[in-house]
Structure formats: structure tokens, C-alpha cells
Amino acid sequence: MIFAAGAAVVPDVGAAGEAACPPRDTRVTAPYAISGYWVVPRADLCLTRRTVEAMHAVGGDTIITFGPRFALSTVDADGRVRTKGEPTPGFAGCQENGKPCYLAARDAIPGKKIRRVFTYVTSEHFGPGVLRCDGLDRRIESGGRVYYRLLLGRSCDDNVYDLVLVATDGDGVGNLLTEAAGYGMKVYPGLPAAPQDPDKPWLPDLAHLDVLNAFTGRVLADYRNRYGTWPSLGGVYQSFELAMRDRAPRDEVLTLYAAQHAVVTATLPGRTITVSPYWDARRSRGFPPESVGRGFAEIAATRAGAPMAIAIQDGRGVGKVPVHGPDETDAQVAERLVPVVGRLTNRQAYHGSTRDYVEAAARQVTPGVELWVNVEVFEPTPVAGECGRSDPLPLRGRAAKSRVDRQIMAVGRHATKIIAYGWDPFLTCRLNWDTPSLSDDLAAGWQEPIIVHAALEGGGLAVEGHNLRGGTLQIVYRQAGAGEVRVDVPQAAHTSRGGLESARAPFVPDRLDPAHPWITVKAVNGAGRTSTSGHTFRG
């Protein structure tokens, strides 16, 4: 069931099939600075509701999913689908009228040819928008599972087709869109991920770009038909990643982006394309902040007129970029980064910090493109006594809330939105049943102030951030000839702008040491909560 809400049509929150799920609790009880998360679509509607509700409670309004891999496959003598020589998982039960789905498709086009076979394993059900050719395209129910058969050609009467077989494990994407609508959130389902180059799997195989685009068009047309009026469909996510730096001419990933994004613009006009490139600050193999600007512009140029959100991975979780203040450039790298870069100083190991790279990207933002930041809420490797990710590899550890606060602080005022990878398992895992998860820690400490910008202005100190109001600013600096000085100053002159709070306080440093010109500030707010880390700037 659906009902009209103005010009939009949204799912009826009391639709049949939901009776077994607990009612929605739409309260936002602990709004943290992160407002979006990657999730895995689940076929269980009640599990989806609990997941979306938990994200919404800590301020989430955005959900992103990865697109399944669109994979080139082969067929053995018995008509069974194989990928890289092995039976393709999920397709063993695909039967139509007692025949393997490939043989049934071949028999549906007597005298014609199947050129290539592709497989796609997803967690969503499609509607009639993907089925365009009578007798060729089919929805198949076999062995308790739903499959789709698509024969893609230049027309429904062509002599040569590419066969796409789709296996589903339920309607996880549909569940997310339904629940997001109930909570006033938006979903960005992943576009079909391009086949990988067999020799260079970090690159797309452009030999199959034509059929990928045809399949993408079918999927998006189905979204338009079924969800086009739903406010919960925010856009789509481009799953194939690339480094944000100057790319080579005729770069394969940018070619993929331009082609697939043109399909998005033509099929879902006005919807946002979200991409999440990465950067690498390691001196051993990365690139400096100066390379970011050209990379940002090249990605933005692939949007084909669609709105685009470039959600840059901050790199701290994988250890490619450090999070530190400008006063820590010559300090030892954080202990959790040692397995990645060795026991070096930040300057020796890295070209710069998160703050340097975000500021470089922010200088390239143009109309139609938003800068988001994807903070990685995990550690490069696990240590004893913490939960994390064990599958898929590589193993990852769980971040602490104070470290995530530092990531938020490093983004500064530049990001339109801060999102995070990923909700499961990094926000939800627990070492034991009675130990808090990271999402529990965010909920418990959401009122702790986070300062994202500070500067001396007009005879005082001006700060911006989250949850600042109503207390004091704790200031630390070094005085020439006298060592460290600590000052507590009452906050005043509060304002709000773009989701951030501002505060001013009367303060001028007395004889700031020119050999150490750094000022560090924490906030204590009216709720009595204190910043977990200080914000450092040049005085």
C-alpha cells in the first residue's frame, strides 16, 4: 500500500506484512556529527527496521549500499553457470521447466545466439521495469529463491543477445527504502559494479561496458517506475573506487564513471550520484595534498549534469592518512598506525594529515557538486581485547569514540555532510554481550563538544563546532620564557550556521612563544561535557 503526500508518494508505514515488526520509534535521541552510514541490505524487514532505527536515533539521515558485482561468467556442458572456473554461488538452484536457466534462455531464442553470459547476485527484487521483451525476459521462482533472466540485445528481435542471470536473496533494498521513508531518511543504492579487469582487478573491464550500461539502464528504469516519487530514494552510489589524484589520459575508471553516470542522468534525472574516492598520504606509495585538486575536478566532470556528492574516504581507518594537529607533524605516528608505516614521525611517514587533504579538496568545490567526507570508523588492524571485522579480509579493529571525534575535528568546516563506513560491524560489534559498541559510545557521549575550527579574531577567540554552548573554553599555549599557560574563559556570543555552532570568548595570548606558536582549545558546554580532544591552531 502507498499513500500520497503532496506531490510525493511514499510507502504506507502500516502496510501489510509489517505486523510482526515492533512499531517504529522515530525519535532522534543522540544526534552525533555523523549523519550517514554504509549498510548491507537485509531480506529481514524487522532487522532492517531495527538497523535503520538505531542509525536514525544517533542522527543518521542517509543510507548507502554497495552495488553487487556484475560478473562475466561461463557455462559448462550441462548448462551450469561458472565464474573463474568455479560454480557461481547462488545459481545452482536456477531452474526453469526442469532446465538450468541458461539452457531455458537458449531454448527461448531458437536459431539465435547468446554471445556472453553475466551473473549478478543481489539483495533486491525487481519489478516489470527490468522485463522488456516478452518471452525473453523472465522472473523465475525456483527452489524457494527468485531469479531474473534478461536477454539484452539491440532490440527484442535481435539475432545476438547477452544473457544476464540475476539471483536474489530477498528484497533488502526495498526494505531499506521503505524503512528510510518511515524515518524521513534517504537511501543511495549501489549502481551495478563493473566487471573487473582479470589482470588488474582494481580497474574495470571496459570490454563489457556496453552490456553493463544496458543492464544499469534496466535497473534504474525499474527504480524510476517503482520509487520515482519516493523521497527516500536520494540517488545512487558509484561502487567502483578510485584514488583522488591526477589521473592518466583515457583513465579506465573515469571512462566507466562518465558512461555509467550518463545512464543515471538519462534514467533518473535530478537524483544525486554519490562517489567515494580515496587518497593515500603515505610517502612510500601515496601522493601529496597538491594532487587532490585535479583529481576532484576530474571526478566532478563525470557527473553528466547530475548533482554529485564526492564523499572522500578520510583514510585513517586503513592507515593511509593520519589524523593529527599541526603541532604534531614531528611527533611519532599514532601507535595503531605503526603496523602500516612503521615507527616513524608523521612527517617521515606521510605527506600530510587529514586536515591538509580536506582543505585541498574544499578549494575545488563547484556548483552542482558537494564535498562529503567518509570517516573510516575502524583501525587498520585489531588488537587483543577489542572486536572488529573478521570477514571479509583484511582484519580490522574497532575505533574509539575519542578517535572518531578527532576525525570529525579534522574535517573542519568544509564538508557538507559527514558519513561513515560502516555501520556493521564497526558501529555494532561488541567484545562481549555486556560491553558497549561504538554506537553505544556515540549515544552516551554525543553531547561532548567537538571543535572543528578556531582562530584569533578581533581581540578574542572564535570557535566553531558541535555542542559548544553554555560553558567555557579551556586554552593551552606556551608563553615565551615562561612555559605552558592554561586559561579558562567563559563562552559568549553564540550563533549557528550550517549545522555548526559558533562561540566567542575574550582572549589574547600573552607573549605567545614564536618557537611553538600553537594554541590548543577544548570546550566545556552547558551540560558539563568536555571535548575528548583539543583543537590546535597557529596563533
Side-chain angles (χ1 to χ4, degrees), residues 26-36 55-62 184 323 325 354-355 358-359 362 371-373 375 377 400-420 438-477 485-509 518-539:
T26 58
R27 293 174 297 170
V28 179
T29 55
Y32 189 66
I34 297 172
S35 60
M55 289 188 291
H56 184 257
V58 293
D61 61 18
T62 299
V323 177
T354 301
R355 187 184 300 188
V358 172
E359 288 177 350
L371 171 61
W372 296 4
V373 174
V375 299
V377 288
K401 194 261 183 186
S402 58
R403 211 240 27 227
V404 177
D405 285 355
R406 294 200 79 186
Q407 291 172 273
I408 304 299
M409 185 187 304
V411 170
R413 301 176 292 176
H414 303 299
T416 302
K417 176 182 282 290
I418 301 173
I419 58 179
L438 179 54
S439 64
D440 293 331
D441 290 344
L442 295 186
W446 73 271
Q447 288 180 298
E448 291 167 336
I450 301 174
I451 296 174
V452 302
H453 178 74
L456 297 174
E457 297 178 355
L461 173 62
V463 298
E464 285 187 273
H466 305 274
N467 300 308
L468 304 180
R469 273 180 195 275
T472 62
L473 298 179
Q474 298 178 340
I475 304 164
V476 180
Y477 67 98
V485 175
R486 295 177 177 269
V487 182
D488 283 9
V489 185
Q491 295 184 37
H494 296 97
T495 59
S496 296
R497 181 186 64 85
L500 294 176
E501 297 176 1
S502 299
R504 291 185 61 86
F507 167 75
V508 176
W518 309 112
I519 299 173
T520 298
V521 56
K522 289 184 176 183
V524 180
N525 62 21
R529 309 302 290 267
T530 304
S531 307
T532 58
S533 298
H535 180 92
T536 300
F537 66 102
R538 181 181 289 272

Would a distance-only check, ignoring hydrogens and angles, find a side-chain to backbone donor-acceptor pair under 3.5 Å from T520 to H535?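 Absent.
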Counting N and O atoms only, with roles assigned by atom type, does the side chain of N525 sit under 3.5 Å from a partner on the main chain of Q447, one being a donor and the other an acceptor?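 Yes; judged by distance alone, with no hydrogens or angles, the pair exists.
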Hey, could you give me the [atom1]/[atom2] distance between [X] and [Y], rounded to the nearest 0.5 Å?
X: Y477; Y: F507; atom1: OH; atom2: CZ; answer: 5.0 Å
X: I419; Y: W372; atom1: CD1; atom2: CH2; answer: 6.0 Å
X: N467; Y: I451; atom1: CG; atom2: CD1; answer: 11.5 Å
X: E464; Y: E501; atom1: CD; atom2: CD; answer: 10.5 Å
X: S531; Y: M409; atom1: OG; atom2: CE; answer: 6.5 Å

Using a 4.5 Å cut-off on heavy atoms from C-beta on, say whether the side chain of [Y] contacts that of [X].
X: Q491; Y: L468; value: yes
X: L461; Y: V521; value: yes
X: W446; Y: K401; value: no
X: I450; Y: Y32; value: yes
X: V375; Y: I34; value: yes
X: T354; Y: Q407; value: no
X: T530; Y: Q474; value: yes
X: P31; Y: V58; value: no

May I have the step-by-step check of side-chain contact (heavy atoms from CB on, under 4.5 Å) for H453 and V463, ending in yes or no? CA-CA 6 Å; H453 178 74; V463 298; over 6 Å; no
Side chains of S35 and T62: do they bring a donor and an acceptor to under 3.5 Å?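 No, no side-chain donor-acceptor pair sits under 3.5 Å.
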Any side-chain donor-acceptor pair under 3.5 Å between T532 and D405?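 Yes, a side-chain donor-acceptor pair sits under 3.5 Å.
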Which heavy atom in [X] sits nearest to a heavy atom in [Y], and how many Å separate them?
X: G539; Y: I519; result: CA-CD1, 3.7 Å
X: P490; Y: P506; result: O-CD, 4.2 Å
X: S533; Y: S402; result: OG-O, 4.1 Å
X: P449; Y: A523; result: CG-O, 3.5 Å

Among R406, K522, R529, the one residue meeting salt bridge (Lys or Arg N to Asp or Glu O under 4.0 Å) with E448: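 Going through the options one by one, the only one that passes is R529.
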Show, in sequence, the C-alpha distance, side-chain angles and deciding distance for I408 and I418, and conclude whether the side-chain contact (heavy atoms from CB on, under 4.5 Å) test is met. CA-CA 8 Å; I408 304 299; I418 301 173; 3.7 Å; yes
I would like to know whether H56 and V28 meet side-chain contact (heavy atoms from CB on, under 4.5 Å); could you show each step before the answer? CA-CA 6 Å; H56 184 257; V28 179; 3.4 Å; yes
Intermediate values then yes/no, side-chain contact (heavy atoms from CB on, under 4.5 Å), V411 and V452: CA-CA 7 Å; V411 170; V452 302; over 6 Å; no
